Amino acid sequence: MPAETQLFLCLKDNYGVLLHDPETGSTAAIDAPEAAPVDAALKDRGWRLTDILVTHHHADHTAGIAELKKKHLCRVVAPRKEAPKISDIDVTVREGDIVQVGSLVGRVIETPGHTAGHISYWFKQDKLAFVGDTLFSVGCGRIIEGTPEMMWNSLLKIRNLPADTQVFCGHEYTAANVHFALTVEPKNPALRARAEEVVRLTEQKRPTIPTTIQQEKSYNPFLRADLHSVAGAINMEGSAPVQVFATIRARKDKF
Ligand code: ZN
Ligand code: FE
């Protein structure tokens, strides 16, 4: 049976998401920004929390873990490289490890850059990817602990997933990301269409995610840094893609 997901807002602009396996009843929370909205979403769907899959150590992704674990006795899966910074871990994972949520099979992809040990979870069969603060719709995470090279390589790993993969990210930043992206590629038709869609969704107070790999490839400037047109747009024709990426990321930091 295919996986089911439930997306909900936490804190100010964080997303919580539940991943449910109808076959076994298992349910994972991807990150735990705070306990109450996770509990509310579980209650809403009548699901029982069995696992928490952590993407990285930042408090806005981990602050709810202790309370949820105490209440649900769920298993906490977290990146091995960030284990000292995350509480209540049961299992640590690294590149290539398999993480099962009931009968759902996920694979760990190390996606460092935002933090040094950041990981993403890819459920191939269900065409789902949970990318935390590495990729956002029309944007990417700030490079806080890593280097532009690390982040660019992480984004390439995500970009290489099947085009129809549904992507869940850690924050609702899309509207601001669109404003910035339009300064890089003002004439990109896919981006302009996305801009209109985001205005509509925001007016309706609806989320702009999940997105897909195919969509992001068409309008996310950070996934397009190796296109001649994008290098040209910022007067960097002939520069290495990672340099173009680093420049776009630095511009966004100051935007
Ligand atoms: Zn973060
Ligand atoms: Fe975050």
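If you're wondering where the values come from, they're calculated on a predicted model, not measured in any experiment. Atoms considered below: every heavy atom in the structure, side chains included; atoms not considered: hydrogens, waters and symmetry mates.
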Report summary line: Applying side chain to side chain contact (heavy atoms under 4.5 Å, CB included) to T24 and not counting sequence neighbours gives D21, S26, S103
**Report entry** Listed partners of E23 passing salt bridge (charged side-chain N to carboxylate O under 4.0 Å, His left out), at least two apart
**Finding:** none
Query raised in the report: Among all residues two or more places apart in sequence or in another chain, which pass the side chain to side chain contact (heavy atoms under 4.5 Å, CB included) test with E95?
Result: I109, E110, K157
Query raised in the report: With no hydrogens and no angle check, is any side-chain donor or acceptor of D60 less than 3.5 Å from a backbone partner on N14?
Result: no
Report summary line: By salt bridge (charged side-chain N to carboxylate O under 4.0 Å, His left out), D90 pairs with (sequence neighbours left out) K69
Query raised in the report: Can you tell if the side chain of V167 reaches within under 4.5 Å of the side chain of S137, non-hydrogen atoms only?
Result: no
**Report entry** Heavy-atom side-chain contact between P210 and T5 under 4.5 Å
**Finding:** no
Query raised in the report: If only atom types and distance count, is the side chain of R206 paired as donor or acceptor with the main-chain N or O of L201 below 3.5 Å?
Result: no
Query raised in the report: Is there a side-chain contact between T134 and M151, using heavy atoms and a 4.5 Å cut-off?
Result: yes
Query raised in the report: Which heavy-atom pair separates A181 from V138 by the least distance, and what is that distance?
Result: CB-CG1, 3.6 Å
Donor-acceptor pairs are to be reported for all side-chain atoms of residues 122-131 against protein atoms at under 3.5 Å, with residues two or more places apart or in another chain.
residue: D126; atom: OD1; partner: A3; partner atom: N; Å: 2.8
residue: K127; atom: NZ; partner: D164; partner atom: OD2; Å: 3.2

**Report entry** Under-4.0 Å salt bridge between R249 and D253
**Finding:** yes
Query raised in the report: Does any N or O in the side chain of Q100 come within less than 3.5 Å of the main-chain N or O of G102, such that one atom is a donor and the other an acceptor?
Result: yes
Query raised in the report: Does the distance from a Lys or Arg side-chain N to an Asp or Glu carboxylate O, for R194 and E197, drop under 4.0 Å?
Result: yes
Query raised in the report: Taking atom CZ of R75 as the centre, does the number of heavy atoms from other residues, nucleotides or ligands within less than 6.0 Å exceed 12?
Result: yes
Query raised in the report: Is a side-chain N or O of N220 found less than 3.5 angstrom from the main chain of F136, in a donor-acceptor match?
Result: yes
Report task. Report yes or no: does R80 contribute a side-chain atom to a donor-acceptor pair with the main-chain N or O of G117 at less than 3.5 Å? Result -> no
Query - Residue pairs fulfilling ring-ring contact (aromatic ring centres under 6.0 Å, His included) with at least one residue in residues 20-42, sequence neighbours excluded - result: H20-W47
Query raised in the report: Do T27 and L19 come within less than 4.5 Å of each other through their side chains, counting heavy atoms only?
Result: no
Query raised in the report: Is the shortest heavy-atom distance from the side chain of D39 to the side chain of H72 under 4.5 Å?
Result: yes
Query raised in the report: Any salt bridge between D97 and R107, counting N to O under 4.0 Å?
Result: no
Return all side-chain donor-acceptor pairs below 3.5 angstrom for residues 230-248, not counting sequence neighbours, or 'none' if the list is empty.
residue: S239; atom: OG; partner: M236; partner atom: O; Å: 3.2
residue: T247; atom: OG1; partner: Q243; partner atom: O; Å: 2.9

Query raised in the report: In chain order, what residues pass the side chain to side chain contact (heavy atoms under 4.5 Å, CB included) check against L7, with sequence neighbours excluded?
Result: Y15, V17, F168, P207, I209
Report task. Verify, without hydrogens or angle tests, whether R224 (side chain) and K217 (backbone) share a donor-acceptor contact under 3.5 angstrom. Result -> yes
Query raised in the report: Hydrophobic clusters join Ile, Leu, Val, Met, Phe, Trp and Tyr when side-chain heavy atoms are under 4.5 Å apart, directly or via other members; which others share one with I98?
Result: V105
Requested in this report: Please name all residues satisfying ring-ring contact (aromatic ring centres under 6.0 Å, His included) with H118, sequence neighbours left out, ordered by chain then number.
Outcome: H56
Query raised in the report: So, does D51 use its side chain to make a donor-acceptor pair with the main chain of V77 at under 3.5 Å?
Result: no
Query raised in the report: What residues form a ring-ring contact (aromatic ring centres under 6.0 Å, His included) with F8, not counting sequence neighbours?
Result: none
Query raised in the report: Within the side chain of T212, is there an N or O that forms a donor-acceptor pair under 3.5 Å with the backbone of T165?
Result: no
Query raised in the report: For K85, which residues count as a side chain to side chain contact (heavy atoms under 4.5 Å, CB included) partner, sequence neighbours excluded?
Result: H57, E145
Query - CD (Q204) with more than 12 external heavy atoms under 6.0 Å - result: yes
Requested in this report: Answer yes or no: are there more than 12 heavy-atom neighbours, outside R45 itself, under 6.0 Å from its atom CZ?
Outcome: yes
Query raised in the report: Which pair of non-hydrogen atoms, one from A78 and one from I119, has the smallest distance, and what is that distance?
Result: C-CD1, 4.4 Å
**Report entry** Under 3.5 Å donor-acceptor, S154 side chain and P112 backbone
**Finding:** yes
